[in-house]
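Below is one structure; the comments refer to it alone.
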Amino acid sequence: MANSGVKAGQAGTTLRAALSKMVKPTKEAAGIMDSLGISLTDQNGEMKSLDEVMQNLRSSLGGLSEDQQTSAAAALFGQEAMAGMLAIINASEDDYDKLTAGAAMFAREVFRLVPAIEPLTLAFAIRPRARETSSTEYFKAPATGA
(Lines give C-alpha, C1' and ligand atoms only; values in the text may rest on other atoms or scores of the structure.)
Protein backbone atom coordinates (compact mmCIF):
# COMPACT_ATOMS: atom_id res chain seq x y z
CA MET A 1 0.00 0.00 0.00
CA ALA A 2 2.87 2.35 0.80
CA ASN A 3 4.05 2.07 -2.81
CA SER A 4 0.66 3.47 -3.85
CA GLY A 5 0.68 6.34 -1.38
CA VAL A 6 -1.30 4.59 1.37
CA LYS A 7 0.44 5.17 4.72
CA ALA A 8 0.90 2.40 7.30
CA GLY A 9 -1.57 3.89 9.75
CA GLN A 10 -4.21 4.03 7.04
CA ALA A 11 -3.54 0.48 5.83
CA GLY A 12 -5.12 -1.19 8.86
CA THR A 13 -8.11 1.13 8.72
CA THR A 14 -8.50 0.36 5.00
CA LEU A 15 -8.46 -3.40 5.57
CA ARG A 16 -10.89 -3.18 8.48
CA ALA A 17 -13.33 -1.00 6.53
CA ALA A 18 -13.14 -3.17 3.42
CA LEU A 19 -13.61 -6.45 5.25
CA SER A 20 -16.43 -5.01 7.37
CA LYS A 21 -18.31 -4.05 4.22
CA MET A 22 -17.75 -7.53 2.77
CA VAL A 23 -19.08 -9.24 5.91
CA LYS A 24 -22.42 -7.42 5.55
CA PRO A 25 -22.51 -6.51 1.86
CA THR A 26 -25.16 -4.37 0.24
CA LYS A 27 -27.36 -6.07 -2.34
CA GLU A 28 -25.14 -4.61 -5.08
CA ALA A 29 -21.92 -5.76 -3.39
CA ALA A 30 -23.34 -9.26 -2.76
CA GLY A 31 -24.20 -9.52 -6.46
CA ILE A 32 -20.66 -8.49 -7.43
CA MET A 33 -19.17 -10.97 -4.95
CA ASP A 34 -21.34 -13.77 -6.36
CA SER A 35 -20.61 -12.92 -9.99
CA LEU A 36 -16.85 -12.76 -9.38
CA GLY A 37 -16.68 -15.80 -7.08
CA ILE A 38 -15.58 -13.76 -4.05
CA SER A 39 -16.34 -15.28 -0.68
CA LEU A 40 -15.20 -14.89 2.90
CA THR A 41 -16.02 -18.52 3.67
CA ASP A 42 -14.91 -21.85 2.26
CA GLN A 43 -17.13 -24.72 1.03
CA ASN A 44 -17.74 -25.83 4.64
CA GLY A 45 -18.90 -22.37 5.74
CA GLU A 46 -15.69 -21.75 7.70
CA MET A 47 -14.06 -18.33 7.53
CA LYS A 48 -11.14 -18.13 5.12
CA SER A 49 -7.83 -16.74 6.35
CA LEU A 50 -7.03 -13.14 5.50
CA ASP A 51 -4.48 -14.34 2.96
CA GLU A 52 -7.07 -16.60 1.29
CA VAL A 53 -9.54 -13.71 1.09
CA MET A 54 -6.90 -11.39 -0.34
CA GLN A 55 -5.77 -13.99 -2.89
CA ASN A 56 -9.43 -14.47 -3.86
CA LEU A 57 -9.82 -10.72 -4.34
CA ARG A 58 -6.56 -10.44 -6.27
CA SER A 59 -7.50 -13.23 -8.68
CA SER A 60 -11.15 -12.15 -9.05
CA LEU A 61 -10.61 -8.42 -9.51
CA GLY A 62 -7.11 -8.55 -10.98
CA GLY A 63 -8.32 -9.55 -14.45
CA LEU A 64 -10.87 -6.75 -14.78
CA SER A 65 -10.32 -3.51 -16.68
CA GLU A 66 -9.42 -0.43 -14.64
CA ASP A 67 -12.96 0.94 -14.93
CA GLN A 68 -14.48 -2.41 -13.92
CA GLN A 69 -12.09 -2.69 -10.96
CA THR A 70 -12.89 0.82 -9.76
CA SER A 71 -16.63 0.24 -10.00
CA ALA A 72 -16.48 -3.15 -8.26
CA ALA A 73 -14.09 -1.89 -5.56
CA ALA A 74 -16.29 1.13 -4.80
CA ALA A 75 -19.30 -1.16 -4.34
CA LEU A 76 -17.41 -3.82 -2.38
CA PHE A 77 -15.19 -1.71 -0.13
CA GLY A 78 -16.61 1.82 -0.14
CA GLN A 79 -14.94 4.98 -1.42
CA GLU A 80 -12.53 5.38 1.50
CA ALA A 81 -11.10 1.85 1.35
CA MET A 82 -11.17 1.51 -2.43
CA ALA A 83 -7.73 3.01 -3.19
CA GLY A 84 -5.92 0.94 -0.57
CA MET A 85 -7.61 -2.28 -1.59
CA LEU A 86 -6.89 -1.68 -5.27
CA ALA A 87 -3.25 -1.09 -4.33
CA ILE A 88 -3.14 -4.59 -2.80
CA ILE A 89 -5.14 -6.19 -5.59
CA ASN A 90 -2.89 -4.72 -8.28
CA ALA A 91 0.42 -5.14 -6.42
CA SER A 92 3.08 -7.31 -8.02
CA GLU A 93 3.61 -10.74 -6.50
CA ASP A 94 6.89 -9.52 -5.00
CA ASP A 95 5.25 -6.47 -3.39
CA TYR A 96 2.33 -8.58 -2.14
CA ASP A 97 4.76 -11.10 -0.62
CA LYS A 98 6.60 -8.25 1.14
CA LEU A 99 3.30 -6.88 2.44
CA THR A 100 2.15 -10.21 3.84
CA ALA A 101 5.58 -10.93 5.34
CA GLY A 102 5.54 -7.52 7.03
CA ALA A 103 2.02 -8.05 8.34
CA ALA A 104 2.95 -11.49 9.70
CA MET A 105 6.03 -10.07 11.42
CA PHE A 106 3.93 -7.29 12.97
CA ALA A 107 1.33 -9.80 14.22
CA ARG A 108 4.04 -12.00 15.78
CA GLU A 109 5.55 -8.98 17.51
CA VAL A 110 2.18 -7.85 18.89
CA PHE A 111 1.44 -11.32 20.27
CA ARG A 112 4.94 -11.45 21.76
CA LEU A 113 4.41 -8.11 23.53
CA VAL A 114 0.89 -8.72 24.84
CA PRO A 115 2.04 -10.57 27.99
CA ALA A 116 4.41 -7.70 28.81
CA ILE A 117 1.80 -4.99 28.22
CA GLU A 118 -1.16 -6.66 29.94
CA PRO A 119 -0.01 -5.95 33.53
CA LEU A 120 0.37 -2.27 32.62
CA THR A 121 -3.16 -2.06 31.25
CA LEU A 122 -4.50 -3.76 34.36
CA ALA A 123 -2.58 -1.38 36.63
CA PHE A 124 -4.08 1.65 34.86
CA ALA A 125 -7.54 0.11 34.68
CA ILE A 126 -7.88 -0.12 38.48
CA ARG A 127 -6.75 3.48 39.09
CA PRO A 128 -9.28 6.28 39.63
CA ARG A 129 -9.89 8.34 36.54
CA ALA A 130 -7.29 11.04 35.93
CA ARG A 131 -9.70 13.94 36.34
CA GLU A 132 -10.60 12.71 39.83
CA THR A 133 -7.05 12.66 41.11
CA SER A 134 -3.77 14.45 40.50
CA SER A 135 -1.51 13.20 37.73
CA THR A 136 1.19 12.21 40.24
CA GLU A 137 -1.33 10.16 42.22
CA TYR A 138 -2.69 8.58 39.05
CA PHE A 139 0.66 7.27 37.89
CA LYS A 140 1.92 5.97 41.23
CA ALA A 141 2.68 2.29 41.42
CA PRO A 142 -0.07 0.18 43.04
CA ALA A 143 0.26 -0.03 46.81
CA THR A 144 1.72 -3.25 48.15
CA GLY A 145 0.87 -4.96 51.39
CA ALA A 146 -2.19 -4.31 53.51
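Any value given below was found using the heavy atoms of this structure, including those in side chains, with hydrogens, waters and symmetry copies removed. Just so it is clear, the model here is predicted, and its values are computed rather than measured.
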Enumerate the residue pairs fulfilling salt bridge (Lys or Arg N to Asp or Glu O under 4.0 Å) with a member in residues 58-67, sequence neighbours excluded, ordered by first and then second residue. Arg58-Glu93
Are any side-chain N or O atoms of Asp95 and backbone N or O atoms of Ala91, one a donor and one an acceptor, separated by less than 3.5 Å? no
Using 0.5 Å steps for rounding, measure from the CG atom of Leu64 to the CG atom of Leu36. 5.5 Å
Please tabulate, for side-chain N and O atoms in residues 19-34, each donor-acceptor pair with protein atoms closer than 3.5 Å (sequence neighbours left out).
residue, atom, partner, partner atom, Å
Ser20, OG, Arg16, O, 2.8
Thr26, OG1, Ala29, N, 3.1

Check whether any side-chain heavy atom of Leu57 lies under 4.5 Å from a side-chain heavy atom of Phe77, and answer yes or no. yes
Measure the spacing between CD1 of Ile89 and CE of Met82 and express it to the nearest 0.5 Å. 11.0 Å
Between Asn56 and Gly37 (side chain of the first, backbone of the second, donor and acceptor by atom type, cut-off under 3.5 Å), is there such a pair? yes
Quick one: closest heavy-atom pair of Thr14 and Ala81, and the distance? CG2-O, 3.5 Å
Restricting to pairs with a member in residues 96-107, which pass salt bridge (Lys or Arg N to Asp or Glu O under 4.0 Å), not counting sequence neighbours? Asp94-Lys98
Could you list the residues that satisfy side chain to side chain contact (heavy atoms under 4.5 Å, CB included) with Thr41, not counting sequence neighbours? Ser39, Met47
Do Tyr96 and Asp51 get their side chains close enough for a donor-acceptor pair, meaning under 3.5 Å? yes
Could you report the tightest heavy-atom contact between Asn44 and Asp42, atom names first, then the distance? N-OD1, 2.9 Å
Evaluate the side-chain proximity of Ile38 to Leu76: yes if any heavy-atom separation is below 4.5 Å, no if none is. yes
Check salt bridge (Lys or Arg N to Asp or Glu O under 4.0 Å) between Lys48 and all other residues, then give those that pass, not counting sequence neighbours. none
Are Met85 and Leu61 side-chain neighbours, meaning at least one heavy-atom pair lies under 4.5 Å? no
What residues, two or more places apart in sequence or in another chain, satisfy side-chain hydrogen bond (donor to acceptor under 3.5 Å, both in side chains) together with Gln68? Ser65
